[in-house]
Structures are given as structure tokens and as C-alpha cells.
Amino acid sequence: MPNYDEWMPEDTTFQHSTSDTSSMVPTAFTREYHVLTEICESMSSGFMLLNQQRVIYSNPSSLRLLRISKNELSTSELFDVRKHLLTIAADTHQAHTELDRVWLHPDQEYSTDLALTDAAVRWLRIRSFPVHDDRGLLLGRGILLDDITLERSAVEARSETLALAAHELKTPLAIIKGCATTLLGSSARWDAAMQHEMLQMIDTQSDRLHDVLNTLLDVWRLDAGTQPLRLTQVALPELLTQLMHRWQKQAPGHRFVLSLPPSVPSIMCDAVRIEQALNHLLQNAVTYSPSGKIVSVQVEANDIELRVSIADEGIGLASEHLDRIFDRFYRVQADGEQASGSGLGLASARSSIEAHGGKIWADSPGIGEGATFYFTLPFVPRLSSTAQAISSPSITSSLPTLQQSSSTTGLLKTDRRMRVLLAESDARMTRYLRANLEEQRYRVQTVGHGIQFLRQLDLEEPDIILLSTRLADMSGVELLQRLREFSQIPVIMLCGECDEDERVQMLDLGCDDLVVKPFGMKELLARVRVLLRRQNAVASAQPAKPAVFSTGDLMIDHAQHLVSVNDKPVQLSRTEYNLLSVLAQNAGMVVTHELLLEKVWGPEYNRDIDFIWVYISRLRRKIEADSRRPKYILTVPDVGYKLAKI
């Protein structure tokens, strides 16, 4: 063992007192020392000052992390931090090696992580740094202690998840590989039935592989806050009714019962994600309950959120499983039975619900007494803490719009400046373009993702679009194609490096103009003005429609794009407004399904009648006093709809 007392000369040490750490004041320091002491005592990290092996100062966090008392430190003539760490280390041999590297070099900075057994934390990060006087002489060392238990747990959980994921992927891959090798090696030996069976196994395992990979990606993206949520108004009772009918056909041995309150408001959520979560929960109920049992789904609502419960009469859950049932790859295995499924369904459900700002949990009276899974969804989604920390563009951009919409009317244009939708993923280019456009008195809305772009179009129709060829999640060319399926808004493409053929393709797909980066701002602004003048000329040439339309208590202000019922503004999306506007232009007359589809969505959709049914249902819920007994939007069976004149 080295002689630690010989490391530093005695005339360069701190003044030391063993009676009380508060009196361990370095020479020539009074006020400054007390200021630093107050700072150190408020630190969450442990901090110690050592003169040779003696502790001359320690803050409260260091005592807590090492689980030692102030009295124990002050009454010990030579409290040895290194020896104390060795006594609480989980692996003494490894700790000895690591701490020797730190302690043998007091003039250098070192850091090491120790696993502990008899301390307040399980993992402790120890950082040592030298302390010198103004002449450069070594006075001692400082020790920083940090609790990194959560950090290490996250690393261990990630490693465990990857190991389990690899295990889950190996099984279908092995089956696929085995069947393919067998067929390729000696296919002549197998009859048609056997070949068909092997091909069917390949097909089944490929689907399983696809499902596992997709679910894993969904869980990780939602946890990281990078999975975009496509938020829309969803009538949960309709969604649940459809799901229950579907599951009754898929699992005819079970009986499905749905219980709904008299009136359930629609919620703003990602319908696809919520449906996936419900499917995972229903699959779990069917898997762990025998044939002939009931699966009950119940919905309750208060002023701020919905609560959904899925109850089964299956094998139940022991109390030790309730906290871990939503962990990835965690599966409850009955005695003598092999666990089924990948163990990812409930994890995916939790990620989806929490991404909407909801909560999910499980309850069970015990083994053999069934289980009930609950989740809540706020009517307007709140970002989860993870999503807020990561600041996912797709989620954070849509939420302010939702919050504003509660106090403003849908499509209400109080600002008559020309509206520009700028779709650009380069933040610096976005700031540059926005500043110049706003200087010219344009009202600019910016987006960086394709999903944001489409959602913004559904909320408000701009006068002109500046669309970059490269966005964060999809190409501008793809967005241009989708846009031209339902809208003729003028579009200027902002092109990066592209050749003549690519420019021709964009013009053929429907862009009105394009500029190649780098471009001059004066030229771009001139091109914007040209397209807006052309658009205004086309609009003025069309027959003018009445500024205000009214029937009964329903009023449509076409100039302001304002819709109200009983003098109360109604929030409508762009598509809902266009649909209502077409019906109003033909008030009292039947408008066929085909004509509505062509006018609102474009000629390509003239056979997609389901589109109309969905949006008519939404409109009725917003403007009718009783959507089941409408007085404004009337159905003409097998033909179309008409807006009644009252």
C-alpha cells in the first residue's frame, strides 16, 4: 500500500479542524469561504475537500450519498473516504483498482463509476480534481459525487430491450431461413402440400417479423417524442362500436359488451394510434381469458377527459405483475404454459396513451379473477414530459393551434393580409424568408414537416404556398402531388440542386412557378406578387356569391369564412367549411355524392362516398342541436344531401 501521507508537503495544506466541519476554514479566507459554503450546501451533487486523506469540508449531499453522519465525520480523526467507498462497493476488487487510479494521482483529474451495495444509491460517479494555490502548489483534492442510478438503469434497460428484441426477431428469422433453405435445397422431394405449408410458414413469420419491428419502432419513437401525432376530432363511441363488431367476428368464442354514457363529446387525438392501443388491449383480454367469457368495454367522461376500461374474466394478475405489465417484452406466464405474444402490445399502448397526455394502468383482484385495464384521454391532448423535452416538431406545432382554437373560430380571417404558407426544413432559410415576407406585410405560417403542412392546410387555406423540395419527413414533390388532388392554391417550389428534367416534372405535377437556391429575394417577392395578381384576377372573374348566407339559426359569412349557430361561432376545418359552403350554394336542392366529392375533394374522389359520410357526421355534430335528428343537413338516401331552407 502506498503511503498517502507523503504525497503533499505539510506547509501547503489547508487548515484543519476535526471538531466541526463548519470551522474548517482555509487560511486567509472568511467571507468568500462562507459564500462558497452556502453555494456548496445547496448543490445536489456531493462535494468534498480533502487535505491528503483528511476531509476538511463536505456538503450535506456528500453525507447523504455516502450514508454517513456529520458526527461520524467530525469525530473521526482520519476519516478515509477511499476506505469507506471500498466497504460499500458491490465489487471490492474492481473498486480497489478504480479508486487506486484516482487516489494515486492527486494532481490529475479522474472519474469513475462505482456500483454500491450499502449506500443511498446503487451507482455513484466519483470525480477527483486537484486544488492548487495561487503559486501553483498542490493543496489537496476536490471530490464530486453524483447519483447516476437512473442513468445506469436507463442504459441497462436499453441493453435488456435490445437483447430481448434480438431474441424476438431470431425466432421468425430462424423459421423463415429454415423453410427457405429446405425448399431451395431439395424442393423436388416435397409434394405440393408440403411446399405450400412451408411457404405459408414463411408468410406467417414474415408478418410476425413485420409486426414486431413496427411495434418496436412505434414504441421507441413515441417514447422519444419523435413519432408524429396526426390529431383530428374523433367520435370515440363510433370508433369503439366498429372495433367491437370487428372483434366479435375475429373472436366469436368471446362475448363483447360495450357500455357508453348518453352523450360523449368528441376528442382531439390521433385516431390511428388510439385504435392501435385499443386493439392491443382487446387482444390482451382475448388472449388471457378462455372462450365463452365476456370482454367488457366501458366509457366514462368528465369535463376534461375520458376514461376507458377493458375488463376480462381471464387468468388475472398477481400484484407483483401490475407495475411491470406495460414494460417491453414483459409477459405473464401461467404455470406450465409458454408465454404468448411478443410482449410489446401493452408497451405500445402505454406509449400511445402517454404521448396524448393520458394515463394507463391495470388492476386485478388476483389470480383467476380477471383483470381490468384503464386509460384516460384528455379532450385536448397535453404533451407528455418526454415530448416536451425533445420538442418534436410534429406534436408541438399542432398543440398551440388547438389551444388557440378554443378561443377563436375556425377559419375566421380577422387579418386580411395575404396569407403565405412556407414549408421549409432549413431553420435559417425559414427565418430569412419569413422576415422578408413579413416586411412586405404578408401573414406567414411556417412548417418544417409534411405532416404539419397537410394539417395546416386542413385548418386554414393560404393564398399562396412556398414549398421546399426537401422537408424533414417527405419530399416536396410528394406533397405537391397530394396537394393537387384537392386544391389549386398557387405554389412556388423552392428547389435545391435539380436538373432540367426535375424542374419539368414539378411543373407538370402542378407547381405554378419555381426558383432554384440560392435565389434573390427581390425576384422571389416579385414572383409571389405575380401569382397573387393572377389569382385575384381569376377570383374576380368568377360570379360573386352572397357575402352572407343564412338559414334558420345557421349563418355563413363567406367574406370572413365565419360560421355560427345561434350567434355562437363554430370551429370548422378547411374541408368541413368547403363542404358546408357547397351545400349552401345549392340550398334547398339535392347535391349528389359525386358532385360533392368533385367540388370538395376533386374528380379523383368521385367514388369515395365514405369520405362524405365521415365529414357530414362531423358537420352535424358541430352545427346541429341533435346530430341524430338533423334539421339543416338532410340525407337523401342513395343520392346525396341537401341543406334545408328554414
Side-chain angles (χ1 to χ4, degrees), residues 1 4 7-8 13-14 16-26 33-131 138-159 385 389:
M1 287 289 292
Y4 296 104
W7 288 357
M8 288 172 279
T13 58
F14 296 123
H16 172 64
S17 170
T18 60
S19 60
D20 185 3
T21 55
S22 63
S23 63
M24 301 175 186
V25 183
Y33 173 81
H34 290 296
V35 171
L36 290 173
T37 300
E38 291 176 1
I39 294 173
C40 292
E41 288 184 352
S42 64
M43 291 169 54
S44 60
S45 298
F47 175 60
M48 285 183 159
L49 278 176
L50 277 68
N51 175 358
Q52 299 184 27
Q53 292 309 299
R54 291 172 292 181
V55 178
I56 65 168
Y57 174 78
S58 60
N59 69 351
S61 291
S62 65
L63 304 180
R64 173 180 56 82
L65 292 172
L66 295 176
R67 192 174 282 180
I68 56 177
S69 66
K70 187 175 182 180
N71 183 59
E72 181 182 356
L73 186 63
S74 61
T75 56
S76 176
E77 183 65 25
L78 283 175
F79 180 84
D80 194 323
V81 178
R82 177 178 171 279
K83 288 182 179 178
H84 180 73
L85 287 170
L86 287 173
T87 61
I88 62 176
D91 187 337
T92 306
H93 178 72
Q94 183 180 1
H96 202 290
T97 303
E98 295 292 333
L99 292 175
D100 273 355
R101 282 178 19 195
V102 175
W103 252 254
L104 288 171
H105 303 281
D107 57 337
Q108 298 179 24
E109 292 188 9
Y110 274 93
S111 176
T112 187
D113 297 345
L114 288 186
L116 308 179
T117 56
D118 187 22
V121 298
R122 290 197 298 111
W123 279 94
L124 190 67
R125 177 162 293 158
I126 303 164
R127 284 174 286 185
S128 172
F129 58 91
V131 179
L138 186 66
L139 297 177
R141 78 169 83 232
I143 300 290
L144 281 174
L145 306 170
D146 285 293
D147 178 3
I148 59 166
T149 302
L150 291 179
E151 178 185 329
R152 294 293 295 226
S153 297
V155 172
E156 291 170 0
R158 189 157 52 245
S159 300
S385 58

Interatomic spacing from OH in Y110 to CH2 in W103 - rounded to 0.5 Å: 13.5 Å

Nearest heavy atoms of S61 and M43, plus distance in Å: OG-O, 2.6 Å

Straight-line distance of L86 CG to H93 NE2, nearest 0.5 Å: 12.0 Å

Listed partners of D113 passing side-chain contact (heavy atoms from CB on, under 4.5 Å), at least two apart: W123, R125, I148, R152

Spacing of L85 atom CG and L66 atom CG [to the nearest 0.5 Å]: 5.5 Å

CG-CG distance between N51 and L139, expressed to the nearest 0.5 angstrom: 8.0 Å

salt_bridge(D146, R127) N-O dist < 4.0 Å: yes

Rounded distance [0.5 Å steps], CD1 in I126 versus CG in L99: 5.5 Å

Distance, nearest 0.5 Å, that separates CZ of R141 from CG of L49: 11.5 Å

Among E98, R101, Q94, the one residue meeting side chain to side chain contact (heavy atoms under 4.5 Å, CB included) with T112: E98

Partner residues of P130 under the side-chain contact (heavy atoms from CB on, under 4.5 Å) criterion, sequence neighbours left out: E109, H132, L138

Closest approach of R82 to D80 (non-hydrogen atoms, all atoms of both residues): N-OD1, 3.0 Å

Steps toward side-chain contact (heavy atoms from CB on, under 4.5 Å) verdict (L144, F129): CA-CA 8 Å; L144 281 174; F129 58 91; 4.1 Å; yes

Aromatic ring pairing Y57/F47, orientation class (parallel under 30°, perpendicular over 60°, tilted between): tilted

H96 and D100 side chains, donor-acceptor separation under 3.5 Å: yes

Contacts of S62 that satisfy side-chain contact (heavy atoms from CB on, under 4.5 Å) - sequence neighbours left out: M48, S58, N59, L145

I88/H84 under side-chain contact (heavy atoms from CB on, under 4.5 Å): CA gap, chis, key distance, verdict: CA-CA 7 Å; I88 62 176; H84 180 73; 4.1 Å; yes

